[in-house]
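Beneath this line is the structure, given in structure tokens, with notes to follow.
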Number of protein chains: 2
Amino acid sequence: MDLTHNHFSSQDCGDCPIRHRAVCARCDARELDELEQIKYYRSFEAGQTIIWSGDRMDFVASVVTGIATLTQTMEDGRRQMVGLLLPSDFVGRPGRERAPYDVTATTDLVMCCFRKKPFEEMMIRTPHIGQRLLEMTLDELDAAREWMLLLGRKTAREKIASLVAIIGRRDAALHLSGKKGPLTFDLPLTREAMADYLGLTLETVSRQISALKRDGVIELEGKRHVIVPDLDRLLEEAGDDTDGGLLV
Amino acid sequence: MDLTHNHFSSQDCGDCPIRHRAVCARCDARELDELEQIKYYRSFEAGQTIIWSGDRMDFVASVVTGIATLTQTMEDGRRQMVGLLLPSDFVGRPGRERAPYDVTATTDLVMCCFRKKPFEEMMIRTPHIGQRLLEMTLDELDAAREWMLLLGRKTAREKIASLVAIIGRRDAALHLSGKKGPLTFDLPLTREAMADYLGLTLETVSRQISALKRDGVIELEGKRHVIVPDLDRLLEEAGDDTDGGLLV
DNA sequence: CTCTCGCCTTGATGCAGATCAAGTAGGATT
DNA sequence: AATCCTACTTGATCTGCATCAAGGCGAGAG
């Protein structure tokens, strides 16, 4: 979700930094109070599965800190990531009983949850919450469609460059950094998780990261920390024309 | 979008069969009248492009009859379909100026359009329109995620079987057919369009269709008309566990 | 009737990425 | 310091799909 969205207001964030951002920057005091009643926090450790596909899901939630993923698995074990949730992203669907995907914490994670039933009731009484959710869902749909282009038509090298660009930009947006020096950030995913994101094997991911490093498109410190000396070069490698897009 | 959705009511559809279905099965008379004011029809021929990516788009619309596609294109011409719009599907995003994808009619097509500005204003005054749009968008997001699994992890044979199953089921749903005999329907896409849908080349599409035919999974009359003698067999070939899913 | 054009099929070959298989690096445990 | 373990890297080989190339077929036009 786009952190620069015009409805956000970092000023009015109280003790729950996400609640306001995600659903109710436009709420009045009574509504905030009502949300407060149905809200609770949950913490997870890296690697922990939050919900298995098919499980009953009686809450909706915002990611506060950390990273979660949505994945689908076929009977024979093939896995595809279908959602990457960074702080401020929303998970859960009003009006659905059961989770359609596995939700997993890939780093230590804190989520701000709302009990589903009262949240749904509140949504009906409070239209702008639904409107905000619609905006967020439409953004997610756009991201999914960019992702489909990546999965269907990009080469392994382009996929890796795209992933690095996506994470780098979202990270920069999160830290609200005013353009200074080369983009630098940690990859918050294992090679295997990247492979599940990109529809590749982890060996191919590793090889292509090495290739981009060898060719000077990225630099690595350790295995996770990335330095992008030239963002335009990276975007070119990613096969991206649209450079406003690609926000997951 | 799911035609069996509980908010649909085929009874209350007037001269615009889609208007009610898509956005306002719950509208009262005044609201219907208001929609009437901002509504108009547009027809397109097979193959015609409705909007190019980047164009200004001053309407939202429902497909009445025929089929449209959303596609993305890279600079070098690689193309990926990211949306398949069948009758009753919605296209356009309130709050967005420009189209992010090419929209093309793949068959003769009639759309029921609403001028965007007044539609947006009406959405704010009439919450259940927004709620219905949220439901539809969430369904589309689910479909996009199934599609991502297909693009990222399925083999060419599984992809073809999945596509045939998706189209066959949606066709069956549209005709509200009460289970009778083997599933039979037309593929509304050229081999090239199927390739763009599936992230394959048209040659591979052709070969795999031939293979499924040879193996008795499907039968063909001409090049487009498909008979599915055993749906379970087809779904097995598609690698589908979830057999409620896969509605695009 | 036959020409033509779009759409489709089939064959031959090549290559990107999967698969199989070792081996390395670094952090935690003892 | 020795060990173990997990995450990662790199090499060798295999294969599924892309690519290049040559027809086939059916519908509409003349």
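Residue numbers begin at 1 in each chain, while the letters A, B, ... track the order of the sequences.
Shown here are the side chain to side chain contact (heavy atoms under 4.5 Å, CB included) partners of Ala211(B), two or more places apart in sequence or in another chain: Arg157(B), Gln208(B), Arg214(B). Annotation: side chain to side chain contact (heavy atoms under 4.5 Å, CB included) contacts of Thr49(A) (sequence neighbours excluded): Trp52(A), Thr104(A). Listed by chain and number, the residues in a salt bridge (charged side-chain N to carboxylate O under 4.0 Å, His left out) with Arg224(B) amount to none (sequence neighbours excluded). Thr155(A) meets the side chain to side chain donor-acceptor pair (under 3.5 Å) test with Glu158(A); sequence neighbours excluded. For Thr184(B), the side chain to side chain contact (heavy atoms under 4.5 Å, CB included) test picks out His225(B), Ile227(B), with sequence neighbours left out. Shown here are the side chain to side chain contact (heavy atoms under 4.5 Å, CB included) partners of Ala61(A), two or more places apart in sequence or in another chain: Phe59(A), Val91(A), Met111(A), Cys113(A). Partners of Arg233(A) under the salt bridge (charged side-chain N to carboxylate O under 4.0 Å, His left out) rule, at least two apart in sequence or in another chain, are Glu237(A).
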Reading nucleotides 7-21 of chain C from 5' to 3' and marking B where a protein heavy atom lies under 4.0 Å of the base, S where only the sugar-phosphate is that close, and - otherwise, the string is -SBBBB----SSBB-
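Residues in residues 59-76 of chain A take part in these salt bridge (Lys or Arg N to Asp or Glu O under 4.0 Å) pairs, two or more places apart or across chains: Asp76(A)-Arg78(A). Listed by first and then second residue, the salt bridge (Lys or Arg N to Asp or Glu O under 4.0 Å) pairs involving residues 42-66 of chain B are Arg56(B)-Glu97(B) (not counting sequence neighbours).
For the atom pair CZ of Arg96(B) and CG of Leu138(A), the computed distance is 7.5 Å after rounding to the nearest 0.5 Å.
You can see that DNA chain D meets the heavy atoms of chain B within a 4.0 Å-exclusive cut from dC17(D) to dC20(D), reading 5' to 3'.
Comparing the axis of the opening five pairs of the helix from dC1(C)-dG30(D) to dT30(C)-dA1(D) with that of the closing five pairs yields an angle of 30°, rounded to 10°.
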